[in-house]
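Scope of the values below: all heavy atoms of this structure, side chains included, with no hydrogens, waters or symmetry mates.
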Amino acid sequence: MPDPRATTPAAGGRPAPRQVTLLASLLLAPNPSPMTLDGTNTWILRAPDATGCVVVDPGPPDPGHLSAIVAAGPVDVILLTHGHIDHSEGAAPLHELTSAPVRALDVAHQLGDEGLTEGDVIAAAGVEIRVLATPGHSSDSLSFVLADDRRADTDGSDSTDISAPTAGSSVLTGDTILGRGTTVVAHPDGQLGDYLTSLRRLRELGDCVVLPGHGPHLPAAGRAAEAYLAHREVRLDQVRAALAAGDSTVRQIVQRIYTDVDRALWPAAEMSVRAQIEHLHQRRELRTTPIELLLA
């Protein structure tokens, strides 16, 4: 049986978006890796009766993927959850193809329009998108809340039945919450204190459906954020224990506590450990620790 998360082919050989909620459909970018899971999720947002669409995270500058996005258009506006290249590198060429403005928090990624910031509301393609600042994975990370969206399912399955009258909302989380596993705090740009605050904010969304930057959608932002917060507390305790045991470098700590993680992800784990050490230092838990060495 084919993976139901995969984008299905359309006539003419182009991938077709797969409907996930009433307002959001998915085009999966062809860039799978240990860091990107199945690939980058490019989200196509529109009301059922709308002609145009909003594109969130065009992904890599892959010609076939960009062609599929254009075919799903016309594209009214391009939004970025953050500037990491697996989400943003396709934005400039998609702008060239469609003339749609690119809106992002980081001015380096803005093209042809104003940026995005906390509290902004974007109305396009028949949908209303509320911008939440959710830094931590990166300093420019944003999440986008879609009000009056209808769930594709209520149990986390991959059903695409949207005929049920259940109304609610969804949130596009970029890399702040993933559909599978946990994410990296990309230190030094990403800060753990900011990330924990962002997770607590997303926890308040309760049963809001999570439309992540990678991996399958999740049924409830509240439960996902709570699990992420618990995971971070476990990691912080493990870092404390590693330091107490005499580990004096980031690599030693990773080797001790990330034994359950693929070694291909250890460079990312080192960024998270640095973020955790800095967080503990900021909380004055590491007054006698050689913090300069640990962060070198």
Side-chain angles (χ1 to χ4, degrees), residues 32-38 81-87 133-141 143 173-204 210 212-216 218 220-296:
S33 75
M35 288 293 290
T36 61
L37 304 180
D38 309 306
T81 61
H82 63 299
H84 288 168
I85 61 171
D86 56 316
H87 294 257
T134 50
H137 167 71
S138 65
S139 62
D140 67 334
S141 286
S143 294
T173 55
D175 285 355
T176 301
I177 294 178
L178 303 180
R180 186 169 67 251
T182 58
T183 196
V184 62
V185 178
H187 184 272
D189 180 53
Q191 297 287 313
L192 182 57
D194 289 343
Y195 187 59
L196 296 175
T197 298
S198 294
L199 290 176
R200 294 185 190 105
R201 189 174 197 195
L202 291 170
R203 181 174 60 184
E204 295 176 1
V210 176
H214 305 279
L218 301 173
R223 292 201 299 273
E226 185 63 39
Y228 268 46
L229 285 164
H231 171 77
R232 289 296 167 189
E233 285 303 319
V234 169
R235 288 298 192 208
L236 280 169
D237 284 343
Q238 290 174 327
V239 170
R240 292 183 183 102
L243 293 170
D247 289 348
S248 60
T249 68
V250 168
R251 175 49 64 93
Q252 288 174 347
I253 295 171
V254 168
Q255 289 172 338
R256 180 186 295 271
I257 71 176
Y258 283 84
T259 56
D260 58 335
V261 173
D262 187 334
R263 284 176 176 261
L265 297 175
W266 278 14
E270 289 187 11
M271 286 192 287
S272 285
V273 166
R274 285 186 166 89
Q276 291 165 64
I277 291 170
E278 184 173 16
H279 182 66
L280 293 174
H281 185 62
Q282 290 169 347
R283 289 171 51 169
R284 299 183 182 276
E285 293 190 37
L286 301 180
R287 295 177 188 176
T288 60
T289 299
I291 192 69
E292 293 82 6
L293 173 62
L294 286 164
L295 296 178

Please evaluate residues E204 and R200 with respect to the criterion salt bridge (Lys or Arg N to Asp or Glu O under 4.0 Å), reporting the C-alpha separation (whole Å), side-chain torsions for both, the decisive distance (0.1 Å), and the verdict. CA-CA 7 Å; E204 295 176 1; R200 294 185 190 105; over 6 Å; no

How long is the gap from [atom1] on [X] to [atom2] on [Y], to the nearest 0.5 Å?
{"X": "Y195", "Y": "S138", "atom1": "OH", "atom2": "OG", "answer": "11.0 Å"}
{"X": "T259", "Y": "I257", "atom1": "OG1", "atom2": "CD1", "answer": "9.0 Å"}
{"X": "D175", "Y": "T182", "atom1": "CG", "atom2": "OG1", "answer": "11.5 Å"}
{"X": "D194", "Y": "S141", "atom1": "CG", "atom2": "OG", "answer": "10.0 Å"}

Contact check, side chains of [X] and [Y], non-hydrogen atoms, under 4.5 Å:
{"X": "H137", "Y": "V185", "answer": "no"}
{"X": "L196", "Y": "H279", "answer": "yes"}
{"X": "P267", "Y": "M271", "answer": "no"}
{"X": "L218", "Y": "R223", "answer": "no"}
{"X": "D247", "Y": "Q255", "answer": "no"}

Return the minimal non-hydrogen interatomic distance between V210 and I177, and the atom names on each side. CG1-CG2, 4.1 Å

We want to know whether T173 and T176 form a side-chain donor-acceptor pair, criterion being a heavy-atom distance below 3.5 angstrom. no

Using a distance-only test with no angle check, is there a side-chain donor-acceptor pair under 3.5 angstrom linking T134 and S143? yes

Run the numbers on E278 and L192 for side-chain contact (heavy atoms from CB on, under 4.5 Å), then give the verdict. CA-CA 8 Å; E278 184 173 16; L192 182 57; over 6 Å; no

Before giving the answer on side-chain contact (heavy atoms from CB on, under 4.5 Å), spell out for H214 and D86 the whole-Å C-alpha distance, their side-chain angles and the decisive distance to 0.1 Å. CA-CA 10 Å; H214 305 279; D86 56 316; 3.0 Å; yes

Would you be so kind as to tabulate the donor-acceptor pairs closer than 3.5 Å made by side chains of residues 227-234, with sequence neighbours excluded?
{"from": "Y228", "atom 1": "OH", "to": "L178", "atom 2": "N", "distance (Å)": "2.9"}
{"from": "Y228", "atom 1": "OH", "to": "G181", "atom 2": "O", "distance (Å)": "2.8"}
{"from": "R232", "atom 1": "NH2", "to": "T183", "atom 2": "O", "distance (Å)": "2.3"}

Does R274 pair with E270 as a salt bridge, N-O distance under 4.0 Å? yes

Would you say the side-chain atoms of T197 pair up with the backbone N or O of G193, donor to acceptor, closer than 3.5 Å? yes

Angle between ring planes, H87 versus H82, binned at 30° and 60°: parallel, tilted or perpendicular? tilted

